[in-house]
Asks: 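First, the structure itself, so that you have it in front of you.
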Amino acid sequence: MTTAAVLRYDAVSDAYVQMEDLARHLEALLFLAPRPLPADELAAACAAEASAVRQSLVELQSEYGPGRHGMALAEVGGGFTFRVESDCEAVVRRLTGGRPEEELSPALLETLSVAAYLQPTTRAEVAQVRGVSSEWALAALVERGLIEESGRADTPGAPILYRTTPRFLKLFGLRALTDLPPMAEFALSAGDVEEIRTRLVANAARRSP
Amino acid sequence: MTTAAVLRYDAVSDAYVQMEDLARHLEALLFLAPRPLPADELAAACAAEASAVRQSLVELQSEYGPGRHGMALAEVGGGFTFRVESDCEAVVRRLTGGRPEEELSPALLETLSVAAYLQPTTRAEVAQVRGVSSEWALAALVERGLIEESGRADTPGAPILYRTTPRFLKLFGLRALTDLPPMAEFALSAGDVEEIRTRLVANAARRSP
Amino acid sequence: MDLDVDLDVFVGPFDLLVTLILKDEVDLWEVRVSHIIAEYVVRLAETGQFDLESTSQFVVLIAALLEMKSRLLADDETGGELEELDAAEAGEELLAGLVRYSQYKGAAGALRELWSRHANRLYRQVGLPARFLHAGDMNTRLAPELLARGLAPLLREPAVPDVSHIADLAVTLVRELRRLRALLAESGPLTFASVAPRDRLEKAITFFALLELHSRGEVTLDQRHAFGEIKITPLGSRPALADAAG
């Protein structure tokens with residue numbers, strides 16, 4: 001039986017020290033973010049000096065250096081992100097499967113339909129046309145790999161945009177998004193996104209006076 | 001300038017050692033998986049003995065113990081998962097703007113507690129305990145991903161059965177349903193029951209001619 | 001009528017509540033009609049203004065809600081059976097129900113406590129990267145038509161709720177008051193059975209009109225035993241301001 005202690009070796013003081021708060025904050029940010037984060041965004045979130053952030057990043061980068069952990073800290077596309085170490089990928093591949101797609105509940109299917117036909121769409125828009133807060137449903141669809149974030153809208157608050165994934169196409173046997181079935185009853189095709197959007201919003205308004 | 005090294009202190013050999021491959025594999029799985037992973041699923045993905053996985057998890061859990069990193073290893077929602085340390089949450093929210101979970105109204109909490117303790121349960125059973133129809137509350141809980149349908153009862157009319165979801169466990173910080181506080185804790189004392197009886201009798205006496 | 005109500009399932013104007021109930025968007029089961037009446041009475045007391053027109057409209061709406069609710073109750077889904085129980089048995093059953101309920105209420109309190117500590121913890125919510133989602137694990141395939149069907153209900157224009165019968169009823173109460181007054185002036189004391197229409201809802205209106213006459217001191221009502229015949233006796237000229245309690 002072993003006892004574990006996470007320590008950084010500090011070459012200046014020649015001693016093992018606990019991780020500092022700034023490094024822990026950066027670690028939390030990088031752990032949670034779905035995309036690489038540039039140093040200046042990290043500094044703003046931590047309300048810290050750019051130079052201090054740079055230094056903590058270097059520390060983190062050597063802590064999460066190759067072969068050290070299950071994931072490594074990498075600098076890609078102008079930002080920092082954790083990525084799984086290549087020798088751990090085989091294990092992750094063996095994990096998938098667990099979740100049968102038949103578990104798409106009516107609420108999830110409705111949310112997925114809205115996202116599919118209106119994409120790219122925001123959380124607020126999905127909630128508006130469904131008439132219920134759809135936060136959980138969107139998160140569950142992201143978790144199932146059926147939708148994903150695709151940047152931010154160019155509107156106030158810059159809300160996250162969602163779009164369907166290649167896995168979504170595969171699950172429904174579609175070659176492309178243009179293959180989405182038309183709304184037979186309403187004479188609308190997947191291409192009539194604006195028309196669909198207008199009708200959905202108008203109906204939502206009618207439902208909640 | 002500092003150099004960092006991630007080491008575990010091994011009490012048996014009295015030395016600092018690199019993390020073992022199994023622990024690194026588990027770390028990668030826990031980092032990537034979008035839901036808590038049960039120990040047996042981890043063992044299957046790593047093609048490792050359950051006992052070895054258990055031991056590595058204990059090591060990981062103390063390595064990612066409170067105050068050590070930006071995230072901590074938690075056992076919640078039927079499995080193991082990383083989550084942001086509570087003192088790092090403010091920084092993360094500043095970046096993601098993540099909205100807090102919408103509060104649960106007293107009616108929803110009450111319905112949820114009936115569903116959680118009686119599961120699998122039917123709409124009629126919940127209504128019977130609460131004394132009011134709980135259709136709306138059950139629908140709201142399904143929409144929020146806290147309960148789900150789990151087939152139909154083997155009784156006349158074959159009513160829909162409801163059970164709580166893994167998300168329910170996660171949001172309430174429970175490892176498993178067995179972690180729910182025991183019902184006996186909420187039993188009325190004999191004195192309270194007597195008092196209600198007395199009040200009922202008094203009311204009945206007033207009403208009858 | 002600008003009455004605001006504050007209920008478990010609904011907070012807002014009473015008119016909107018009625019509309020939502022008619023559209024099946026608020027479950028009548030979960031509306032405590034007594035709360036609405038209590039709020040109305042409180043408001044009447046606060047403003048000190050009594051307007052027969054709007055009050056009768058309110059009474060009619062409430063009557064309609066009660067009628068709808070009593071239909072639901074007769075079709076009881078909570079499993080309560082309308083068995084004949086003696087008072088002691090009924091009391092014990094009620095006690096057992098209360099004790100059981102209070103236990104779940106306690107559990108709900110414990111859940112609230114857990115929720116406040118855990119609900120807002122931050123977990124990573126990023127799907128598995130695409131390269132891990134190989135086709136091999138996707139042995140299910142869903143029909144694309146499911147997506148169209150999922151969206152269709154939201155695209156359909158919602159039907160305008162039919163509230164015509166409410167307007168009719170509002171007129172009926174005023175008309176019913178007039179009819180009863182005429183009958184009483186013409187032939188003196190009557191029984192409820194002799195003046196009540198056959199239709200249940202209309203019968204309710206007649207009953208509310210009677211209560212209205214009674215509360216204005218125009219008639220006395222007399223019922224010897226539960227569910228027995230109700231005798232209606234006019235009290236001379238109207239409006240009589242004498243105390244009409246009895």
Side-chain angles (χ1 to χ4, degrees), chain B residues 31-36 71 74 76 81-84 86 88-89 92-93 96 98 100-101 103-107 109-114 116-118 123-125 127-137 170-174 180-181 183 185-188 192-193 196-197 200-201 204 208, chain C residues 7-11 20 24-32 69 72-73 76-80 86-88 90-129 131-132 225-226:
Chain B
F31 169 70
L32 269 191
R35 64 192 160 93
M71 59 279 196
V76 72
T81 185
F82 281 124
R83 68 180 171 204
V84 170
S86 27
C88 299
E89 285 178 350
V92 175
R93 278 186 213 287
T96 61
E101 274 290 327
E103 282 298 314
L104 288 174
S105 70
L109 273 169
E110 209 177 280
T111 308
L112 188 57
S113 88
V114 178
Y117 282 94
L118 288 184
R123 197 171 66 184
E125 200 173 17
Q128 204 175 15
V129 174
R130 293 191 62 219
V132 287
S133 154
S134 303
E135 197 164 349
W136 165 81
K170 206 163 125 179
L171 286 177
F172 286 88
L174 303 166
L180 278 170
M183 208 48 179
E185 272 179 31
F186 312 111
L188 291 180
D192 290 339
V193 175
I196 296 179
R197 189 195 303 276
L200 280 178
V201 171
S208 50
Chain C
L7 304 167
D8 229 24
V9 288
F10 177 85
V11 177
L20 290 177
D24 271 341
E25 284 182 22
V26 168
D27 191 343
L28 185 53
W29 259 110
E30 306 190 36
V31 174
R32 293 208 176 138
K69 195 163 179 174
L72 287 175
L73 282 166
D76 190 359
E77 70 160 300
T78 61
D86 67 39
E92 277 310 310
E93 203 158 283
L94 185 56
L95 179 67
L98 285 172
V99 168
R100 190 163 131 97
Y101 171 70
S102 78
Q103 228 172 339
Y104 287 99
K105 215 170 157 53
L111 285 184
R112 175 193 297 287
E113 174 61 24
L114 289 174
W115 170 273
S116 67
R117 269 190 286 141
H118 298 282
N120 283 303
R121 297 304 304 264
L122 294 170
Y123 296 90
R124 201 173 127 91
Q125 277 194 336
V126 182
L128 277 178
R131 66 180 188 282
F132 294 113
H225 48 91

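Proteins come first, then strands; the chains are lettered A, B, ... in the order of their sequence lines, and each starts at number 1.
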Asks: Can you tell which part of B:F172 gets under 4.5 Å to a heavy atom of chain C, answering side chain, backbone, both or neither?
Replies: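 Contact with chain C is through both the backbone and side chain of B:F172.
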
Asks: Quick check on B:S86 against chain C: is it the side chain, the backbone, both or neither that has a heavy atom closer than 4.5 Å?
Replies: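 Contact with chain C involves both backbone and side-chain atoms of B:S86.
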
Asks: Specify which of B:A187, B:C88, B:P36, B:P181 makes the most heavy-atom pairs with chain C at under 4.5 Å.
Replies: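 Most pairs with chain C among the choices: B:A187.
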
Asks: Name the region of B:S134, side chain, backbone, both or neither, that has any atom closer than 4.5 Å to a heavy atom of chain C.
Replies: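 The answer is the backbone of B:S134.
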
Asks: Please identify, among C:G106, C:G109, C:A107, the residue contributing the most non-hydrogen atom pairs under 4.5 Å to chain B.
Replies: C:A107

Asks: What residue, out of C:R112, C:K105, C:R117, has the most heavy-atom pairs lying under 4.5 Å from chain B?
Replies: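 Going by pairs under 4.5 Å, I would pick C:R112.
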
Asks: Ignoring hydrogens, what is the shortest heavy-atom contact between B:V129 and C:Y104? Give both atom names and the distance.
Replies: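 Of all heavy-atom pairs spanning B:V129 and C:Y104, the closest is CG1-CD1, 3.4 Å.
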
Asks: B:A137 and B:T111: which non-hydrogen atoms are nearest, and at how many Å?
Replies: CB-OG1, 3.3 Å

Asks: Looking only at heavy atoms and a cut-off of under 4.5 Å, which of B:L104, B:T81, B:V76 has the most pairs with chain C?
Replies: B:L104

Asks: In the structure I gave you, are the side-chain heavy atoms of C:Y123 and B:R35 within less than 4.5 Å of one another anywhere?
Replies: no

Asks: Side chains of B:E89 and C:R121: closer than 4.5 Å at any heavy-atom pair?
Replies: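 They are in contact (side-chain heavy atoms under 4.5 Å apart), so the answer is yes.
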
Asks: Are any of the side-chain heavy atoms of C:H118 and B:L174 separated by less than 4.5 Å?
Replies: no

Asks: Taking side chain as everything from C-beta outward and backbone as N, CA, C, O, which of these in B:L188 sits under 4.5 Å from a heavy atom of chain C? Side chain, backbone, both or neither.
Replies: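 For B:L188, the side chain is the part near chain C, not the backbone.
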
Asks: Would you confirm whether C:R124, through its side chain, and B:P34, through its main-chain N or O, come within 3.5 Å as a donor-acceptor pair?
Replies: no

Asks: Taking C:G97, C:A119, C:A110 one by one, which has the highest count of heavy-atom pairs under 4.5 Å against chain B?
Replies: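 With the most close heavy-atom pairs to chain B, the winner is C:A119.
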
Asks: Side-chain contact test, heavy atoms from C-beta onward, threshold under 4.5 Å: evaluate it for B:L180 versus C:L111 and give yes or no.
Replies: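 A side-chain contact under 4.5 Å exists here.
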
Asks: Using the ring of each side chain (for Trp, its six-membered ring), is B:Y117 parallel, tilted or perpendicular to B:F186, with breaks at 30° and 60°?
Replies: perpendicular

Asks: Check each atom of B:A74 against the heavy atoms of chain C and say whether the ones under 4.5 Å are side chain, backbone, both or neither.
Replies: neither

Asks: Looking only at heavy atoms and a cut-off of under 4.5 Å, which of B:A33, B:A116, B:S113 has the most pairs with chain C?
Replies: B:S113

